[in-house]
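I have placed the structure first, in the form of structure tokens, so that the comments after it can refer back to it.
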Amino acid sequence: MPELPEVETIKRILSKDVVGLTIKDVTVFYKRLIQTDYDEFVLNIKNKKILSLSRKGKYLIFHLSDDFALLVHFRMEGKFFHLKDLESNLNKHVSLYFTMDDGSYMIFNDVRKFGVMCLYKEEELPDCKPLKELGLEPWDIKGPEYLLEAYKHKGYMMKEALLDQSVISGLGNIYADEVLYRSKINPFMKAKDLNEEEAKKIIVNADEVLKEAIKAGGSTIRTYHPAQGVSGLMQVSLKAYGHEGKPCEECGARMEKRYVGGRGTTYCPRCQHVAPSIAITGKIAVGKSQVLEIFSSLGCYTASADEMVHSLYASESFLKLLKARFPFLFVDGKLDKGIVITKMGEDKKFRRGYETFIWSAVRDLINTFLINHTDKIAVVEVPLLFDAKMEDDFTFVVGVESDKQREYLEEREDHDVEKRLAINKRNSYDLNRKKLDYVIVNNGTRESLMSQVGTVFSSIYNAKANTCKKSH
DNA sequence: GCAACTGTTGCTTA
DNA sequence: CTAAGCAACAGTTG
């Protein structure tokens, strides 16, 4: 779990234990851990005394005798244990251990084996590849100009910006969310649009969050050092990370989570000025598209899951993925929809797998749409919202209902009215009806529909306009 | 039992 | 140059 605060804490604990000891020998179980020349590492690390420890960003540095320096990055799960007993602590997750001159051992335990070590000469250290590009730690940033300058041409989102170690070093996924939450900044806004006020807030809050965590880490991470592995996060009070679905502690709005660059991002849509998102769902031929269209006319961004599915089937890269997963659906290199339909009917397991595959692709597209449209309300029509388990991806869910489905289908000159109505039964809309935030009943005139949509819109719009109690 | 998700970073590809 | 996607790996959770 090492972000900057943990590395700092490990540094403090290990400093007390190992400074003054000499590394007599090293035993490596996972060679790729060593990023600099392996033979030189093994040769040069021996008989080096540990003079001191320091930290840069998330890197831990052992300063050794003869001007050597050992650079360690823990990545996701790396841990150091300083122990007297070796045998009982060796397991398949131990990547390496050092034998110390007092008979103790320093064991590097790394379940996922992402951790890395480098051995340099001290004079190489400032210019070595890992450290060269490292940005300032929050407390070393003199003013907002530093961030404004660094982000000036960056098209990435603020969430990505805080994870960019070449600008600010030390924040990871957890604290990046915390900093944005405390600063009340939209995680999806472009870094280049950051203003001076916001930059100031980020610097102050990053400083505070990390310092608080170091403080808390010092008391709880103690268990880190003696044998047993650490479980969970430090006891610092996190208000964003892990709070998806819970009420915001500031304003009570429901905390949401979206993915940016593969990293989960939790935020308060209201405090952090992320315009609400709305899902429109309902059975076939109840007027969902009309409702979507009305939202569009009210100035909302709109999208449709059905259209996304169509675009997927038209996309070369998607078809390639589909073929890799379900090769038997392809005849002469082309997707045979007949086979898909037949198999969907007779093979339940296939149907589940196929639907999951399509829905996860659609979900990605919806996520992309949402994170790129956070300044105004975004509305997406998702007919099978509940089947695809996407209801939690939106701030609000609006159901559209009508007892005139048959009429509407007939109006569309649909040849298979009965079949359509039968398919309808698969829609788990009824089962999930209580999850709806709003219901629009489409039984009357266009005027009635417009007025209902208008009511829903203004209710949501005004909820968004609520200001937060506190601001930093 | 499988699929999705997890604290990080850097390399490859377009 | 940027941007995205993936790879490295193994465990936990639904």
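Quick note on labels: first sequence line is chain A, next is B, and so on, each numbered from 1.
One can place CD of A:Gln35 at 9 Å from P of B:dC11, the figure rounded to the nearest angstrom. A:Lys320 places its NZ atom 14 Å from the C1' atom of C:dC6, with the value rounded to the nearest Å. Rounded to whole Å, the distance from NZ on A:Lys79 to C1' on C:dC9 is 13 Å. Atom-to-atom, CG of A:Asp164 to P of B:dG10 comes out at 11 Å; the value is rounded to the nearest Å. Here C:dA4 presents its C1' atom at 15 Å from CG of A:Leu163, a figure rounded to the nearest Å. Note: CZ (A:Arg32) to C1' (C:dC9) measures 10 Å, nearest angstrom. Nucleotide B:dC2 holds its P atom 20 Å from the CZ atom of A:Arg351, rounded to whole Å.
Between A:His153 and A:Leu321, the one whose closest nucleotide on DNA chain C sits nearer the 5' end is A:His153. Nearest-nucleotide positions on DNA chain B for A:Gln165 and A:Arg112 put A:Arg112 closer to the 5' end.
We find that the ring of A:Phe114 and the base of C:dA8 stack, their centres lying under 5.5 angstrom apart and their planes tilted less than 30°.
Comment: A:Lys320 does not engage A:Glu316 in a salt bridge, judged by the lack of any side-chain N to carboxylate O separation of less than 4.0 angstrom. Ion pairing of A:Glu256 with A:Arg258 is present here, as a side-chain N (NZ or NE/NH1/NH2) and a carboxylate O approach within less than 4.0 Å. Using a 4.0 Å cut-off between charged side-chain N and carboxylate O, A:Arg351 and A:Asp347 make no salt bridge.
Taking only side-chain nitrogens and oxygens, A:Tyr241 comes nearer than 4.0 Å to OP1 or OP2 of B:dG7. Checking the phosphate oxygens (OP1, OP2) of B:dT9, a side-chain nitrogen or oxygen of A:His73 falls inside 4.0 Å. For B:dT8, the OP1/OP2 oxygens have a side-chain nitrogen or oxygen of A:Arg263 closer than 4.0 Å. Within the 4.0 Å cut-off from OP1 or OP2 of C:dT2, not a single side-chain nitrogen or oxygen of A:Lys190 is found. For C:dC1, neither phosphate oxygen OP1 nor OP2 lies less than 4.0 angstrom from any side-chain nitrogen or oxygen of A:Lys154. Side-chain nitrogen and oxygen atoms of A:Arg325 include at least one within less than 4.0 Å of the OP1 or OP2 phosphate oxygen of B:dA3. Applying the 4.0 Å criterion to OP1 and OP2 of B:dG7, one finds that A:Lys58 has every side-chain N and O outside that range. Dashed line: the shortest gap from a side-chain N or O of A:Tyr259 to OP1 or OP2 of B:dA4 is not under 4.0 Å.
Among the heavy atoms of the strands, none lies under 4.0 Å from A:Gly115. Within the nucleic acid shown, A:Lys129 comes within 4.0 Å of sugar-phosphate atoms alone, with no base atom in reach, counting heavy atoms only. Note on A:Lys349: nothing from the nucleic acid sits closer than 4.0 angstrom, heavy atoms only.
A cation-pi arrangement is present between A:Lys343 and A:Phe328, with the terminal nitrogen or guanidinium carbon under 6.0 Å from the aromatic centre and inside a 45° cone about the axis.
Aromatic ring orientation, A:Tyr97 versus A:Phe29: tilted (interplanar angle from 30° to 60°).
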